[in-house]
Amino acid sequence: MHKGKEAKVISASEADATQTREAVDFAAVLLIVLLAFLSLCAIIYFDASDSAARTAAIALGVAAAAAIFAVWLRGRLYGLRRMALFKRQSEIESLADRMWELEETEQRFRELSDTLGDIVVHRNRDGRIVYANKVFAGLVGVAPRNLFGRTLDDLGIHVGIVPDASLGGGEYLSSADVSVPSPNGPRWFSWVELTVRDKHTGEVSHRAIARDITMRKTAEAGLIDARERAEHASLAKSRFLATVSHEIRTPMNGITGMAKLLAGTELSDEQRTYVSAISSSATSLLALIEDLLDFSKIEAGRFVPELQQVSPRELVNNVIELLASRAYAKGLGLGCYVAPDVPLRIMADPGRVRQVLINLVANATKFTETGGILLRVTAEEKDGQPMLRFTVTDTGTGMESADLERIFEEFEQADSTSTRTKGGIGLGLAISKRLVEGMGGAITVSSTRGKGSEFSFTVLAEPVEAADQGAASELSGKRCVILSQNTVESEALRLAIVAHGGEAAVVDNSDAAKALAGQHWDTLMVDAEIERATKGMLGQLRKAGLDKADAVIVIDSDSRGELDAFHKRGYANFLVRPVRGETLLRILKSQFAGLKRDARKSSAKSGQKKEVKSLSILLAEDNEINALLARTALKRAGHRVETVSDGRAAVEAAIREKAEGQFDVVLMDLSMPIMDGFGAISMIRKHEEQCGHDPVPILVLSADSQEKTRHEAIAGGASGFLTKPIDPDALVRAVEEQPSRRNI
């Protein structure tokens with residue numbers, strides 16, 4: 001700004017000098033013109049005779065003309081010089097204005113960068129500070145003038161310098177979160193740096209701007225700490241539930257096992273009722289424990305589907321057969337239908353699918369008082385992926401529309417009042433939903449109050465073995481009459497027959513059956529309940545015109561003793577409830593070889609006892625009740641049992657010289673004093689390997705049902721895994737199925 005004023009003062013003095021020179025030149029020109037005029041007058045006045053005077057006058061005129069030319073030339077040159085001076089003056093003024101604008105711009109930039117609140121730093125190619133704003137200077141506690149020429153490393157700030165070669169003649173933008181030490185402690189900044197190479201000079205400079213993110217970093221650290229504390233709490237809760245589950249299962253094993261052993265003794269009807277109540281209560285408590293443990297696993301994010309090959313038909317049939325007794329005890333029907341296009345084998349997690357099915361079917365049984373439950377399995381596609389849909393329909397109490405979404409939440413029930421008639425804590429459906437979603441599917445429900453509910457879920461199911469292409473026409477031409485008052489089971493039979501190409505008519509009384517006598521029917525299926533209520537009914541139907549149809553009786557599994565009587569009444573074959581689809585197709589396609597022979601075989605099988613050689617068993621169990629239960633069940637089956645109460649004693653008993661090869665099976669509890677089951681199994685296997693002995697089968701007995709524990713035990717050398725509470729019959733079967741090393 002001072003330079004501009006100085007330039008204007010210089011221009012004013014030059015203008016004054018120019019005006020003075022112009023006045024002098026004007027006076028000189030007037031004088032020369034006057035002399036020239038006088039010279040011209042002298043030439044005219046003097047005649048030719050006065051040559052000297054005339055010559056002098058001409059000379060004076062020439063001199064005057066020369067003077068005039070000289071003055072003109074000087075004026076011309078001065079004009080050119082004046083124009084040059086004006087041009088220079090204009091350039092000086094323009095440059096002064098530009099400098100003034102630059103100074104103003106720089107001042108505004110400095111004020112802006114200082115008031116912005118962000119760090120602004122400009123460094124040269126060596127990383128030395130060329131400029132830094134007051135924010136940076138105040139942060140590091142150094143005066144701005146003392147920052148010039150220093151590096152960031154000198155100030156304890158480490159961001160790195162980009163090498164010149166990496167620029168390739170262009171620009172390089174980098175960013176990072178940088179900690180900047182300050183007198184009040186370190187602060188965090190989001191550091192954005194632009195490294196540029198000048199196109200003309202080739203010089204490299206680093207221009208950075210950084211914003212304070214200390215609060216964000218503090219919040220992030222708080223969130224991380226909160227997440228870690230939540231994860232730790234969740235893990236602690238899961239460990240607590242697993243421990244409690246294990247501790248409860250151990251006495252539960254004694255309760256359920258002893259109740260079963262007691263039921264096998266001579267009891268009065270009243271005593272048998274009490275034992276049954278004990279078993280039922282223990283089973284309910286065990287189901288609650290399973291739900292809590294499953295919920296803790298899912299909540300902790302430890303659920304990973306274990307895919308393996310499985311038969312969908314076998315899976316649903318096993319679930320139906322498992323829950324059939326519960327449904328039949330309430331007088332309910334239980335049916336199952338699998339569509340013909342469902343693959344024979346799929347890749348899925350059978351344990352989790354079974355768990356969801358058991359939850360849904362058991363739930364339907366609990367809330368259904370009349371009618372029954374129907375399970376259907378169909379194949380479909382979603383977004384090009386193969387899916388299986390499982391649908392459970394019941395004729396129970398149903399629900400209000402407002403309850404349909406709420407029931408999938410944890411600890412929620414359709415009836416949550418204190419006067420509800422059904423028990424439970426409301427975890428079954430919540431667990432089922434999470435399991436289904438974990439298997440790539442979804443679960444839905446529809447319901448009408450007083451008319452029942454329908455739960456449906458899908459799972460990803462990659463086919464391994466496709467469905468039989470001819471299954472849809474296996475019963476082509478077959479026509480069946482189904483006489484049953486159980487609408488659910490008869491509907492399941494009808495669906496299966498129609499889906500495989502046959503025809504079926506369902507009636508619920510003999511009069512309705514007689515009305516069909518005028519048509520051709522291949523098979524007549526009759527519910528045993530109707531046959532018992534109306535003895536001789538089959539003969540009446542024969543006389544009414546259904547004499548061409550082969551008769552099949554549908555019985556409970558406990559009614560096999562009546563097969564001879566049914567045969568004498570004219571029934572050619574039988575089906576056992578719940579009816580498997582494969583068995584239904586086989587019966588309808590067969591030539592009816594005769595019920596009497598099947599009845600004899602069934603009676604013979606029931607009267608025979610499987611002969612199993614006596615086994616020598618080592619039982620390692622520290623709980624006296626569980627040891628008594630296992631020992632009693634095995635001794636009743638004719639086996640010899642030696643019991644120890646800790647892992648070290650189990651190892652000593654298994655590897656002592658006189659016992660080598662003596663034990664056919666070892667039963668090993670995992671939680672024992674002195675040495676646990678894992679350590680005992682490891683030492684036994686190590687001894688066998690060193691001595692070259694054949695491995696003895698070791699079955700693990702544990703109240704810890706986690707898959708992690710199961711895999712760890714198998715990987716550690718166990719031959720099998722049994723979860724407490726252990727069914728005595730299941731224990732005996734598992735022991736007898738193990739290969740004896742003396743026979744290897």
Side-chain angles (χ1 to χ4, degrees), residues 320 324-325 327-337 368-374 395 475 478-498 502-580 583-584 587-588 590 592-600 602-603 606:
I320 292 298
S325 59
Y328 296 158
K330 296 182 66 174
L332 303 176
L334 190 59
C336 177
Y337 163 70
T368 302
E369 301 300 331
T370 59
I373 300 97
L374 176 62
T395 57
L475 299 181
K478 294 285 185 180
R479 305 184 76 237
C480 306
V481 175
I482 303 171
L483 177 55
S484 174
Q485 293 181 340
N486 193 315
T487 56
V488 172
E489 290 185 350
S490 58
E491 176 63 13
L493 295 173
R494 187 193 70 80
L495 286 173
I497 293 171
V498 173
E503 296 182 40
V506 179
V507 294
D508 59 2
N509 59 72
S510 58
D511 292 336
K514 292 175 183 178
L516 300 174
Q519 306 175 38
H520 169 72
W521 301 98
D522 298 292
T523 307
L524 173 62
M525 283 186 280
V526 181
D527 192 337
E529 293 297 326
I530 294 180
E531 175 59 34
R532 293 190 189 100
T534 312
K535 293 183 179 179
M537 184 195 63
L538 181 60
Q540 299 174 15
L541 295 177
R542 297 292 194 197
K543 292 178 182 179
L546 290 172
D547 54 327
K548 302 290 186 182
D550 293 313
V552 177
I553 188 76
V554 182
I555 64 171
D556 296 329
S557 58
D558 297 334
S559 303
R560 290 178 180 271
E562 302 179 57
L563 290 179
D564 281 333
F566 289 136
H567 173 69
K568 291 176 181 178
R569 295 180 191 177
Y571 289 96
N573 216 322
F574 70 98
L575 289 169
V576 180
R577 305 168 61 205
V579 179
R580 286 180 171 242
T583 305
L584 174 65
I587 291 296
L588 295 181
S590 69
F592 298 105
L595 177 62
K596 189 172 184 178
R597 183 172 70 249
D598 292 335
R600 282 200 216 99
S602 177
S603 299
S606 62

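Each residue takes its place number in the sequence, starting with 1.
With hydrogens and angles disregarded, a donor-acceptor distance shorter than 3.5 Å links the side chain of Arg542 to the backbone of Ala549. With Thr368 contributing its side chain and Thr370 its backbone, the two residues share no donor-acceptor pair below 3.5 Å. The backbone N or O of Ala504 sits nowhere less than 3.5 Å from a side-chain atom of Trp521 that would complete a donor-acceptor pair. With hydrogens and angles ignored, the 3.5 Å screen pairs no side-chain donor or acceptor of Thr534 with any backbone N or O of Glu531.
One finds the OG1 atom of Thr523 at 11.0 Å from the CZ atom of Arg479 (value rounded to the nearest 0.5 Å). Atom NZ of Lys548 sits about 9.5 Å away from atom NE2 of His520, to the nearest 0.5 Å. Between atom CD of residue Glu489 and atom CD1 of residue Ile373 there is a gap of 10.0 Å, rounded to the nearest 0.5 Å. Expressed to the nearest 0.5 Å, how far SG of Cys480 lies from CD of Glu503 amounts to 9.5 Å. Summarising the geometry, atom CG belonging to Leu493 is positioned 8.0 Å from atom OG belonging to Ser484; distances are rounded to the nearest 0.5 Å. To the nearest 0.5 Å, atoms CD1 (Ile555) and CD (Glu562) are separated by 7.5 Å.
Considering all non-hydrogen atoms of both residues, Ala551 and Gly570 come closest at CB-O, 3.9 Å. The shortest heavy-atom contact between Thr395 and Gly371 is OG1-CA, 3.2 Å. Listed here is the closest heavy atom pair of Cys336 and Ala492: N-CB, 3.8 Å. Contact between Gln485 and Asp508 at its shortest, heavy atoms only, is CG-O, 3.3 Å.
Applying side chain to side chain contact (heavy atoms under 4.5 Å, CB included) to Leu483 and the options Leu546, Val554, Leu541, Asp527 leaves one that passes, Leu541. Just one residue in the list Asp522, Leu588, Leu584, Val498 forms a side chain to side chain contact (heavy atoms under 4.5 Å, CB included) with Leu475, and that residue is Leu588.
Looking at heavy atoms from C-beta onward, Ile482 lies out of side-chain contact with Val507 at the 4.5 angstrom threshold. Residues Thr583 and Leu575 have side chains in contact (heavy-atom distance under 4.5 Å, counting atoms from C-beta outward). Annotation: side chain of Leu334 is not in contact with side chain of Arg577 (no heavy-atom distance under 4.5 Å). In this structure, the side chains of Tyr571 and Val526 come closer than 4.5 Å at one or more pairs of heavy atoms. Considering only heavy atoms from C-beta on, Lys478 stays 4.5 Å or farther from Ile497 through its side chain.
Checked by atom type, the side-chain pair Tyr337/Glu491 shows no donor-acceptor distance below 3.5 Å.
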